[in-house]
Amino acid sequence: MRVGVFICHCGNNIAGTVEVAKVAEAARMMPGVAFATTYMYTCSEPGQEEIKEAIKREKLDRVVVAACSPRMHEVTFRRTVEKTGLNRYFFEMANIREHCSWIGEDKELNTNKAIEAIKLAVEKAKQNKPLFPAKFKINKRVLVIGGGVAGMQAALDCADGGLDVVLVEKSPSVGGMMARLDKTFPTVDCSICILGPKMVDVSQHEKINLYAYSEIEEIKGYVGNYQIKIRKKATYVDWSKCTGCGACIEKCPSRNAFDYFNFGVAPARAINIPFPQAIPKKAKIDAQFCRQFIKGKCGVCAKFCPVGAINYEMKDEIVTEDVGAIIVASGYGLIDLDKLPEYGGGRYPDVISGIQYERILNASGPTSGHIERPSDHAEPKTIVFVSCAGSRDKSIGIPYCSNFCCMYIAKQAILTKDHIPDSRSYVFYMDIRSPGKGYDEFTRRAQEEYGVQYIRGRVSRIYPKGKKMIVKGADTLLGTQVEIEADLVVLATAVTATTDARTLAEKLHISYDPHGFYVESHPKLRPVETNTSGVFLAGACQGPKDIPASVGQGSAAAAKVLSIFSKDTLESDPQIARVNTNICVGCRKCIGTCPFGAIEEQQLRDGRIIANVIETVCAGCGICNSTCPCGAIQLQHFTDNQLLAEVNALCLT
Amino acid sequence: MADTGFLPKENLPALLEALSKKFAVFAPVLDGEVVLFKRFAPGATLCLTRPANLPPKGIIFPQSETLFNFNFKKDPEDPKKTSLELKENLDFVPTIIFGSRPCDAQGFRIYDRVYLETDTADPYYKGRREKTTIITLACNAPSPGCFCTSVGRGPAESDGSDLMMTELGKGYFFEPMTEKGKEIFKDSLFEDGSAYKEQAQKAHERVSALVKKPFAILEGTPEKLLSLFENSQFWEGETAKCISCGACTYLCPTCYCFNITDEQVGNSGERIRSWDACMFFHFTLEASSHNPRQNKHQRLKNRVGHKFSYYPKKYQGVIACCGCGRCIRYCPMSVDISEIVAHAQGA
Amino acid sequence: MSYLAGKELRIVGFLCNWCSYGGADTAGVGRFKQPTDLRIIRVPCSGRVNPLFVVKALLNGADGVLVSGCHPRDCHYSDGNFYARRRLEMLKRLLPFLGIDERRFHYTWVSASEGARWKNVVTDFTKAIHELGPFHQKEEKTECS
Amino acid sequence: MFIEKLKEAVRKILPEVDVVIGYRQGFDPLHATPYFLDKPEQVDQLIWNPLCVQNLCSYIPFLKGKVGVIVKGCDSRAIVQYMQEKLITRENIKVIGVPCLRVISVKKVMAAINQQTVQEVTFEGDNIIVKIPEGPKTIPSADVAPRKCATCQLATPLQYDVLAGEAIQSNKPQDTFEETKEFEKLSLEERRAYWEKEFDRCIRCYACRNACPMCICQDKCIAESRDPHWTSQRANVTEKAMFHMIHGLHLAGRCISCEECERVCPMDIPVAKIKKKISMDLKELFGYEAGMNPDDTPPMYTFKVEEATIEEHEI
């Protein structure tokens, strides 16, 4: 065996704390190593050329690159190696950057550790066997989870690209958070006016199959071949009959339902359509508020429905859709007001959230666009906006910035002045974050043209005094205490992951960060991919982001799907379990433990029953391998002998 | 200097201590309920009342030994150039096996024909064998399952031993059988034993008569076993209860099969010789994954056949079983090799 | 030589590719300084870690063994860490029965985003192993058996 | 006579099966040996007494066709475990159950008579009378019973198609793993020294493995294979310990505590001790006992999303 070892300086990233020359010297003395060298940037084109030339010149049959994480460049170097005719699985990577040079301070120890990492990789590489991917057909349909602006954009781009799209939206209408906004910054154009046409496109596109008021029940399969179970939640209204006329809503006697769309700014009816531009514009009953369901009698809506669409017996329905890829655009949530007791959140009606204020500002909102405060419907004259309400606050577990609050506060302050010219707006802020195109100009306009008073400092306390809310805080620029008697306080509540983000991630087998936002494959270079091939991210489910960024990601995710669907077949990962028919004793333990049902019984000609791996179903986890008592089933590229070679290299030398 | 000697029992430790100064002395000691040959150390409690569970074969033919160490030396100037360094392990120390039984010592005679008395003597076996003196204790009672007299041997058989000892009341009667034995015998602790010779002879005869005789004669048995070679029905019947473990083989003083494996980590490693057993599937497993002894009846057939047919056919009729009975005594399922041979004779 | 005698001990880590290996990467990207003793073996899933690998490492000279996978419910393969949890727990309880200090073996869950947590796991585990000291193997006996 | 009832049961079953596995007298009066019979005239060779110790179920997974087998209460857990693991087709096995309150450990008898040759064995009440050259020796059976008998709850087999004799109730206390807990009181160093000494005697004959009813890999065991290459052939304590760990861990949640492994060890290594410790832990963690309920799943081959009994460990 002739192993070639290529040690990357990574500029100074590795060479700064690892003596790479010494590492190369040690590598040359390792058994089976025929060649070892260092290179400034191994991943660069000349660096890769160097590997290719060395493979030919030195007749190498195994290649080890000691550089960054294999999660970064394993694919890159496998491709490099493959170009010379070597099997790509003859390549191993030693992580001497993330796991070594970047975390250890002692150069001697780092150097030794790098040598060790290479020794491990060399021993593993020598055990590596050539593996060959199989090809399988792709189901060129795509599932989009979430009908907000990111999901709709992704759905439309995919559909326009010729793909069948299954769009699943949890709430009764598409539109998401953007549909709730009054205006958008920095252009101050009407949100629903620019979103509405997209919503209509979604509903009318022949390639898009929309499941509104539906949730993902179960996801099985793998890239190219997913089987999705969708739960269509009971609406108690037959949507094939409902015309959205609103007669039922008008007559509904249950008038104290929670208005999810308006974030509870005003009560709704138990049967409702979330907003006038809803798509689909169909009514649904919120059973927990409906007299028919609570008391067992009412039936008013059924009586007044002109088309007989009401069906109190309706049950959830599970439908199955087969797709080849998934775009997750499940959006974001907002921290509850009552999580912010120091601001009186949840206790004082005149302390409201930014999104509630958005609905109050909105002409089609519960106040028809008249600004009035919740407590007595009076028009507020002094309004205080509090930014970072929950955001950038480690004490409540939200250390991150919610990204777009600075901008919408400026917008809301401007709109307030437009609505109530004799009003005064104050903004308490920590920093003004306005790095987008035209954003900084916008916040300046708020201050300079609209006279919004920006106070740099934290609000310490908010409490009522008569009909006013007293806002106490510090002005850190002037170094003084500030106290403002406000009529209305608007909190820019922190952006969070949706409450069911984690459950959905578990169904998708994708990872999420401690806050519940989904983790992309690479923060810079693979921002819409996940580590689960075939699953892509768009919008705020990955982290707080504004409309243009969400739309951009929607299109990006769609492009990724169109790109993998541009071929008719996909290559399967050959790093899957394989059964040695000579060894298998047919104990069936692997069959019972495989999470994917990828192992079946097979009868040999001599009558023996043994295990057989269904190649396309195996995901390569290796649970079967560690379950198999006789080592008959081995996960390719991570076989017992490969791992034992690593253990022995570490322990026995 | 007398031809025979006598050693009072209380002087035995002194003898062993004296011998320990010149030899590595291995003697049977009790470890829990098990008697094992262990390196003698002053103060050790010997167990001479019954044969050891494990015969002393490992002292000359270890369960595993490093034949040689190897090291691939790389040229720092050119990593493609490698030289190989080998280090044989042929240093053996003068050794005494004390308190083996006649059957145990007989075992080494079976080995000798294979590893010593050939043109290609095994240097490892030879090295140890030649440096080892065997002091054998004649049995004063048969052990469960033993049948040495049926295989042409006996509880006082001296073949294979350098020095024979017989327990007689207050002490041991010693009789040297070889030059090596005489060397030991020189020790001043021994009294003149000529007065005890007859007594010892009588003891030998008494015990010999007590030994079970599962079969009277072995004449024709090698041929008979060969004729049954293809009779799988016979062998399947005889071996149905066998679980194909290696207890019989590893406890057998005459089983001498080995395996050779290389173990390498990094640039260096060793070639290991270790006991192997024809009772194991892997013993005959071929690289193609074909196994000529796929089933347990084929394996036990080999074990019986080797001892009672193939070996005697090759070595002038010598039966490669010393009748120690360990394979019967310790078999998990009480498979009885003497019964199988008897059945074969009658089949 | 696999570790710098006197300065380091032999610590072997089995990390699942999707979470903990990524977590270790994240810690690296964040330049979270850690002790250098740990050597990482990448496996696809903690469910791939046969407890026998841990035993093998400990019997053959490791001073400590660490297994880290995705948090329960977050397994890339959905169930791998659930199996790992049961099997490794069983092992952790068994080791002291054989006279191996259970603190020499630790299993835990670290996600790809938890760089800081990974740093703490490595730092604390390394410290614990150093407190326990080297896990000496006695001279092997080979004579007469 | 009970033996007549047993023979009657075997005669009845014999026409339905290809072979019946029972016991006959072995090479000396103290040893019973498994007996495979397929003809009615062989039935008379059958014996039954407390020295019929072997777990005859161990043969079943490797036999083709229909098999009749004589099964004690402790052995019957093997049948149940085979059912759990789907290793047998229950309809193909005819279980001839025998009620049993206690067997006798040959090793313990041999120790009691200082390893002498046994000329005759008889049973009287709760005693075993062993005739050795110096005369008969009476030993209370309880003193020479294997430890499993002291806490046996299965005087009548869990599974049987025919029961020879009447079903009886166990009269023993529940196993509280006292011996295991006692051993755990030793210091780590003492425990390690203990096992090093015990494992050192191992000759890797694999009798423990091959006699184990749950060791179904047998010839394909990873203790011998090169691919995968878990152990070398070195006869040192490390490799021996590794083999015993392989054996123990592969039996985790599967070991039916028949203690055959320990009974058959020619080196008298207390190998069942390890399995017992694992069984104790798994009972505590998952409330699971192997070989008791055919519908169970061995705990290492399943999981719960929330494991109430497993807490995260601090470093």
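Labels below follow one simple rule: chain letters A, B, ... track the order of the sequence lines, proteins then strands, and each chain is numbered from 1.
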Novice: Please give me the minimum heavy-atom distance between A/N648 and B/V265, naming the atom from each residue.
Specialist: O-CG1, 3.8 Å
Novice: In terms of heavy-atom pairs under 4.5 Å, which option from A/E25, A/R28, A/M29, A/M30 contacts chain B the most?
Specialist: A/M29
Novice: Take atom CD in B/Q233; do more than 12 heavy atoms of anything else shown fall under 6.0 Å from it?
Specialist: no
Novice: So which atom in B/P79 and which in A/A34 form the shortest heavy-atom distance, rounded to 0.1 Å?
Specialist: CG-O, 3.3 Å
Novice: Got a sec: does the CD of A/E615 have more than 12 other heavy atoms crowding it under 6.0 Å?
Specialist: no
Novice: Would you say NZ of B/K224 has more than 12 non-hydrogen atoms from neighbouring residues, nucleotides or ligands within 6.0 angstrom?
Specialist: yes
Novice: For a side chain to side chain contact (heavy atoms under 4.5 Å, CB included) with B/S289, tell me which candidate from A/I583, A/N582, A/N580 qualifies.
Specialist: A/N582
Novice: Heavy-atom count check: over 12 atoms from other residues, nucleotides or ligands less than 6.0 Å from A/D606 CG?
Specialist: yes
